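Each remark here refers to the structure printed beneath this line.
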Protein chains: 2
Amino acid sequence: MTGLDPAAPADADLVAEWRSLLARHAATSCALDRELGERHHLGMSEFEVLERLSEAGLPAGQGLRAQDLALTVHLSQSALSRLIGRLEKAGLVERTLCEADRRGIFVALTDAGRTRYREARPTHRDVLAGTLGDASAENSADPA
Amino acid sequence: MTGLDPAAPADADLVAEWRSLLARHAATSCALDRELGERHHLGMSEFEVLERLSEAGLPAGQGLRAQDLALTVHLSQSALSRLIGRLEKAGLVERTLCEADRRGIFVALTDAGRTRYREARPTHRDVLAGTLGDASAENSADPA
DNA sequence: TTGCATTGGTTGCACGTGCATGTAGTGTAC
DNA sequence: GTACACTACATGCACGTGCAACCAATGCAA
């Protein structure tokens, strides 16, 4: 099965890689959602946004453009808009107008948001270590 | 930042790996859903189920237990039940009673299902080659 | 100025998903 | 036989998502 059809082996490799990626993604994102949700009332994407905002390291009051967030978090702009809405309602971020271009908005962490992120971060790292690091990611945390 | 805290570097590696996985998953699954949807009226998970059924290589009329399908496709049991319902309504699979254990069901490909899978398979492989193979997966197919 | 294309963000809607629950069938103990 | 725990699948419901449509602001051209 290795020399007859030049396309078949490459396909098999690709499919195997894709399935492995699917399995690791499913196990990790599921575990992440569960742990972050139970312990910190955060979804996976919520945490990801808080992390980006925290990494930006902007002084309190300053924020990131929603557009810039959408580039790093893999969400549609509508989903991001609603996600920011949720975080804002929870008091974790603030929307502020962008003076330079009044179409845009800045999204900034509040103190509560910074605190929540600091609390949730160890959980996030633990789950990653448990599912990506170990080989136990096979069937440990499927949605089923 | 490399010798002071023994946990920090490992964390950074894990996070980097996780973000890479997220990016590749988002790009590939999004492209897959779009291409399979446009060209073959199939979702990613639908195709995955058809593929598992096809790989089982059972004689026409025989099928897989829904439970066995749930193990390989990363879906909850309820999601799988509805997915099978959709495929059945589309005439691509058939539900048949399991005589031995009448709680269970067999899911079997119909001829139409086999045909649809054969048609969709090259598209699936092309997308995989285009997003997993190339380094162009960075920003080519985000939902945004 | 007016007009038009483009960009940034929000909202109506349909859809797929997971959780909890319901229903039918199985196996075991009494 | 009856009762009870358990399994396999289906369904009600709430929620997050993407798409398309929308509105406001900007930039450019005539």
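Bear in mind that the values here come from a model prediction, so they are computed numbers and not experimental data. To find a chain, count down the sequence lines: A is the first, B the second, and so on, and within it residues start at 1. Note that these values count all heavy atoms, side chains included, but never hydrogens, waters or copies made by symmetry.
With hydrogens and angles disregarded, no donor-acceptor distance shorter than 3.5 Å links the side chain of B/Ser81 to the backbone of B/Gln77. Using a distance-only test at 3.5 Å, with no hydrogens or angles considered, no donor-acceptor pair links the side chain of A/Thr123 to the main chain of A/Leu36.
For A/Ala100 and B/Leu80, each mapped to the nucleotide of DNA chain D holding its nearest heavy atom, the one lying further toward the 5' end belongs to B/Leu80. Annotation: of the two residues near DNA chain D, A/Ser45 and A/Glu99, the 5′-most nearest-nucleotide partner is A/Ser45.
Comment: A/Arg121 does not engage A/Glu55 in a salt bridge, judged by the lack of any side-chain N to carboxylate O separation of less than 4.0 angstrom. Under 4.0 Å is where a charged nitrogen must lie from a carboxylate oxygen, and between B/Arg116 and B/Glu46 no such pair does. Under a 4.0 Å N-O distance rule, the pair A/Asp68/A/Arg65 does not qualify as a salt bridge. Looking at B/Glu119 and B/Arg114, no side-chain N of the basic residue comes within less than 4.0 Å of a carboxylate O on the acidic one, giving no salt bridge. Taking 4.0 Å as the cut-off between side-chain N and carboxylate O, A/Glu51 and A/Arg125 count as a salt-bridged pair.
The nearest whole Å value for the distance from the CE atom in A/Met44 to the P atom in C/dT17 is 16 Å. Between the CG atom of B/Leu97 and the P atom of D/dA8 there is a distance of 16 Å, given to the nearest Å. Rounded to whole Å, atom C1' of C/dG18 lies 14 Å from atom CD of A/Glu38. Going from atom NE2 of B/His25 over to atom C1' of D/dT17 covers 13 Å, rounded to whole Å. Rounded to whole Å, atom P of D/dA10 lies 16 Å from atom CZ of B/Arg102. Between the C1' atom of D/dT17 and the CD1 atom of A/Ile84 lies a distance of 15 Å, rounded to the nearest Å. Here D/dT11 presents its C1' atom at 14 Å from CZ of B/Arg86, a figure rounded to the nearest Å. A straight line from CG of A/Leu75 to P of C/dT10 spans 13 Å, rounded to a whole angstrom.
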Give me, pair by pair, the N or O atoms of the protein and of nucleotides 12-15 of chain D that are less than 3.5 Å apart, along with how far apart they are.
from, atom 1, to, atom 2, distance (Å)
D/dG12, O6, B/Arg82, NH2, 2.4

Q.
Applying salt bridge (Lys or Arg N to Asp or Glu O under 4.0 Å) to B/Glu38 and B/Arg34, what does each step give before you reach the verdict?
A. CA-CA 6 Å; B/Glu38 281 182 8; B/Arg34 181 163 32 78; 5.6 Å; no

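Under the 30°/60° scheme for interplanar angles, the aromatic rings of A/Trp18 and B/His25 are found to lie parallel.
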(Q) Output one letter per nucleotide in nucleotides 4-9 of chain C: B when a protein non-hydrogen atom lies under 4.0 Å from the base, S when only the sugar-phosphate is that close, - when neither is. (A) ---BSB

